[in-house]
Every structure is written in structure tokens, then in C-alpha cells.
2 protein chains.
Amino acid sequence: MAEVTLRDVARASGCSVATVSRVLAGTRPVGAETTRTVREAAERLGYRPNQVARALRSRSTGTVGLVLPQITNPFFPALVRELEHALHAEGRAVLLADCDDDPATEAARISAFLDRQVDALLVIPVDERHSRDAVARAAARVPLVLLDRGCGPGVADAVAVDNAAGMALVLEHLAATGRRRPCFVGADGTASAAVERRTAYEAGAGAFGPTAPGRVELGDFSVEWGRTAVNRIWPSRPDAFVCANDLIAVGALQRLRQLGADVPGEVAVTGFDDIPLAGLADPALTTVRQPVAELAAEAAWLLARQPDGGGAGSRRTVRLAPELVVRASSGARGAPAK
Amino acid sequence: MAEVTLRDVARASGCSVATVSRVLAGTRPVGAETTRTVREAAERLGYRPNQVARALRSRSTGTVGLVLPQITNPFFPALVRELEHALHAEGRAVLLADCDDDPATEAARISAFLDRQVDALLVIPVDERHSRDAVARAAARVPLVLLDRGCGPGVADAVAVDNAAGMALVLEHLAATGRRRPCFVGADGTASAAVERRTAYEAGAGAFGPTAPGRVELGDFSVEWGRTAVNRIWPSRPDAFVCANDLIAVGALQRLRQLGADVPGEVAVTGFDDIPLAGLADPALTTVRQPVAELAAEAAWLLARQPDGGGAGSRRTVRLAPELVVRASSGARGAPAK
DNA sequence: TTGAAAGCGCTAACAC
DNA sequence: GTGTTAGCGCTTTCAA
């Protein structure tokens, strides 16, 4: 069962390979009658264009590389899904790389994708600093869009949620529901989400009163760190734990319950991202929902509109507005759910 | 910055493109001196083989398509991660398809991958019945391994966890810790995991006593169904909820707590899969851990050893042994954790 | 051991 | 509109 090629179709329809190519690719106008004949022959023979040959000749593989730190990070699957759909809708296939949170692996994967002639790259960088070189090099060769996390200024186009706006929504909500002594459990390091959420908290928490913006403890984006942070902070009895992401918040929630704290009566807990786990926590977690579908659509669009040269046109960063999702973990005070 | 090609390297090292190709691909023996010169020139020019051209000529893209129902199913990310690593270690890249749990989309994605000349396919079928045709057709063209779920007998090689053994581990554990009135919350439909776990429960639950194997309620693999099932069954006071996967179990756990049931004192709850959520539930969920890394390794191995023809050699199904992970949700009776 | 030459299947100039 | 002709960059005969 040898593959059917363009030649076979040409032979069967009595015209040249060029004509067949034009009919099937729709590149140039072709006579109506010929078109019909060719279509019919292609159909009859079950012709399927060989995308590899097409790619070699046209210098476009119709493939984009999606490079991410760790697919097991619960925020990513939904994003990957939307990206896959958005790209597939444009007829592009997705090559996936999981970098194991390691910049060296990331550089290797990016390099391998370039060798495979991907048309473009979508990168969620592992690290703000250590990913920079590889990303910048790649961006010079193909259209590249940074997603969710930054990678230093001017390196590439980027699309991300507006972390500051999200944090502002949280603080506003907490203030409006009577919280007065918030604290912040964040992540240290230079990752853009970590920095931006932390900064936004510090900027906004001043509004809670003349006193300091409450305690700020920094660790990493993990459930475990959420638990630890509660151990450190709870003795000073804040009335709200503002967490830099949902994993931290879930850890905080767990530990607070173990300690017998009343959430949300005595203390509120909020997260960020709205991963699936957030809705399943008990009490369900108030959090900031990232507009995942929009992030994906915007990234796909940016990718499509970049010139192929990979030239250093002015880089643009698109910020998408998040949405506050109020759930039980920040419910009304004084009326503890029984 | 035009790409460096084999010709450039040949010119720079003073020999023919054929020789350069042989040196770099290591296909045929080449003189030591020549080898050195070529290597040096390639290095100096920063030569990177164009994988598309290589693929066209050698009829092998070094690419495998990974087709799955929904990346957002929390069991898949870990599997995808392991597969990506296993395949990348062999120098193969992974094309990802998310089928939105729709057989038609699945068929389209598989078809698109074949057009792209993937060397092989790894498929977690959407549906036992409705995925069958597309999978069988694809298996006739390239090596194909079914993962995690079956697709009818004899369709393709398959690798999956031994669901029956896993369920047996659960039942044994429950019996050993004194449970006597189990019930089963499963999923209906013909998906292999659903059927196998259900059957294994029915086969094993007889050991709990002469009476019927407790109630069996079937819905789908969701948290919501877990909650609903508890509403239906709890009034009859079983002392163990054996759930067909972790999502159902988490839902059951939530609802039981809302109803004021004491888990594990009064009733045990068990899951299946050991998704990340299982360890975070409260109480933490006793479950059956799938050997994800081994599943991935085995799948990659099966793929590699299949003849290229995609011929219908005898199909083999590999079953991997799961492991019971005992956590708080099935802890000792009568000593309710306070 | 090496080189020359023939393509892999397709698209894109360039003629007609 | 359509055919002819070159290749895309590489691997792989086939000779030497």
C-alpha cells in the first residue's frame, strides 16, 4: 500500500503535478473543469498531501512548539488545552516540551524545536533570568510569544494576566467585607508572577490602615509552603491570608483547619489562578480567575501577526484582566458556616 | 542570516556533502582525519541539520503523536510528562492532541498526525467503541500503542494498569481493617477502566460475607457524581465507599463531611489513580497508585519495537501492577481522628 | 573510504 | 490557466 502522491493524482486526472498542487493548495486560480477533475481524482485515490515534503519546499511546517516548565503544574493543563485548540483551528500542530523546571532542559528543547523547523514558539519560561538567553536567541529566529511569565524586558512579545489588577480585586473584596489585618503569603525569587503579585499586595494593602501592610512571608508556590507559612503567621492572628497562588492557599486552608481556625468566620483565605482544585477545597477558595481561553487566543494571535524574520520589531506585552471568584473561604464574617 | 546547510559544511571542510552526511549521521565509516575536519567545520559554522529535509529523505520524522481525550483530566498531566521525557530521551519529539473527549475530533487529529508523517502514535482513546475505527485504521499505517484505556480486542498493542489487581488491593485492605459493608461508586459505560474496576469489585466484594457485595451505583468519573452517589447510598450506612477513581472519591469525601459522617471512623473512602488531589483531600485519600513512569516507559518501548509496516502482528497487552497507597481516609476504625 | 548523482514529494518561478 | 523545470536539504545508492 504505497502512498498516493501528487504524481499519481496528476496522472489519474490527466494534468500536471503543478496544476494538481494549485487546485489542492488553492494557491492560484485554476479552471473550473480541471478543478473538478482533479478533486475527483484526489478523492478517489484517497490522496493526502505529505506535510513533510510540503514543509521542506515551502519552508513552513505548520507546527508550533509549546515549551513549558512542568505540565504537572495544575495551572497549565487548561492553558495547554486552549492553546492546542486555538492553534489547531489555524491548522497548526503543537509540539510539546516539558522542561522539568530546568533552564538547561528548556534550552535544549527550544533548540531541538528550532532544528525541527517549527514555525513559531510559545514559551512559558522556567525562570525570569535563566531562561532569557535561550528565549532571546530563539526569538531572533522565529516568531515567539512568552506566556504567563515574563523573561526580562524587550526579549519577546508576551501575554499574561494583569497580576496587579487581580491582586487589587482581592484586596478590595477583603476590605469591603470588613477584613482589616491581612497578611501575604507569596513566593520569593524573580519570577514575574511572584514579583508582580507581591508588589501589588504591598501597594494595595496600605489602604487597610495606617499600620504596615501586615506580614509578608515569602516561600515558593507550593501547598507545603502554604502550611508552613500559616505556622509562622497564625500566632499573630491576621484576619485574612492573601496567597500568591491557589496551591499556597490550599495549604494554608488545610493547616488553618488543623489548627482549629474558623475560615471564613475568623480568617479569610484567598488564592490566585483558579485552578480546578480551588473549587474543590473546603471551604471552596475565593480566588482570581485567569482568563485562560483569552490568554491562549491572544497568544495565538500575536504569534500569527509576527513577521517571519523573527526581527526585533517593538515588543509588546498584552495584559488581560482577571476576574474575582468569590467562594466560601472569604465569606461573611461572624456567621461561621456550620 | 541564512541557514548553514550541509553544502556549506562540505565546502568549508573540502569534501562532499555525502561524506559530511555520513560523518554527522554516523551511518558509514569515514576516515579519521576527514571526520575531524568535518566535525570541526560543522562546529565552527554552527551547523544544525534540518530535520525536515532529513525526514523527507529518510522517511522518518522522529516524531510521535500523543492523542488524549482531555489534558485537563487530572490523571493525564503526569502521564504526559513521563511520556514526553521517555520519548525525548530517544530523540523523538511529541506532537500533542487534545480531543475534547470527542471521538470525531480524535479521528481528525489522528488523521492530521498521519498526514504529518508521525513515526508512531500513542493513543489514549476517548471511547472504547467510538474510537475503534480511527485507531484501527491508524494502527495499520504506523506503530501504535494504546495507553491506559482499551479499544476493543486485537486493535493494537496496549499498556495499562492492572485494574483488577488494584481493586483487589483495596478490598483486601478494607477487609483487613475490619470493614464489612462496602459499597461501590463507579462509572457506567464501556470504557475499559470503568468496566474492569467494576467487575473486579463485584468479583472481590463477595469475600466480605455471604450477603450481596453491597450497593453498586454507576455514574461517571466526576466529583459531582461522587457527591450525588453519597446522597443515594449513605442512608443505608455502608462502612466503606470504594470509588472507581479519585475524583469520585473526593466528591464522596466532601459530601460525607457535609453530612457529618466521620471518615474514617464511621466509614472509609477509597479512590483509584492517585492523582495529586488525592493527597490534598481531607482526610487524605487512600487510593491505588498507577505506575505512571512505568506505563510511559513500557509504552515507549512497545512503540520502538513495533515493525514500521504497522502490520497486524499479534497484539499484546501489557498490564502493570499498581500499588496501594494507604492514607487517612481508610484509617483505623473506632479511633476517629480529632 | 569517498564522490557523484539521484531523488524523497512537494511548491514556486518562469514560460507558454 | 497550465505545463515545465528547478530545486528545498538531506540520505543513499552506485561507482570509483
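Below, read A as the first sequence line, B as the second, and so on, with proteins coming before strands; counting in each chain starts at 1. All heavy atoms count here, side chains included; hydrogens, waters and symmetry mates do not. Note that the coordinates shown come from a computational prediction; the quantities given were computed from them, not determined experimentally.
Atom CG in B:Asp8 sits roughly 11 Å away from atom P in D:dC8 (whole-Å rounding). If you measure from atom CZ of B:Arg11 to atom P of D:dG9, you get 12 Å, rounded to the nearest angstrom. Between A:Leu24 atom CG and C:dT11 atom P the separation is 8 Å, expressed in whole Å.
There is a side-chain donor-acceptor pair under 3.5 Å between B:Ser60 and B:Asp119. Side-chain contact check for A:Thr61 and A:Arg54: no donor-acceptor pair (N or O, by modelled atom type) lies under 3.5 Å. For A:Thr37 and A:Thr34, the side-chain atoms include no donor-acceptor pair closer than 3.5 Å. A side-chain donor from one of B:Glu106 and B:Ser131 sits under 3.5 Å from a side-chain acceptor of the other.
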Can you build the contact string for nucleotides 3-9 of chain C? Use B for base contact, S for sugar-phosphate-only contact, and - for no protein heavy atom under 4.0 Å. BB-BBBB

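Within the 4.5 Å cutoff, the side chain of B:Val4 has heavy atoms near those of the B:Val9 side chain.
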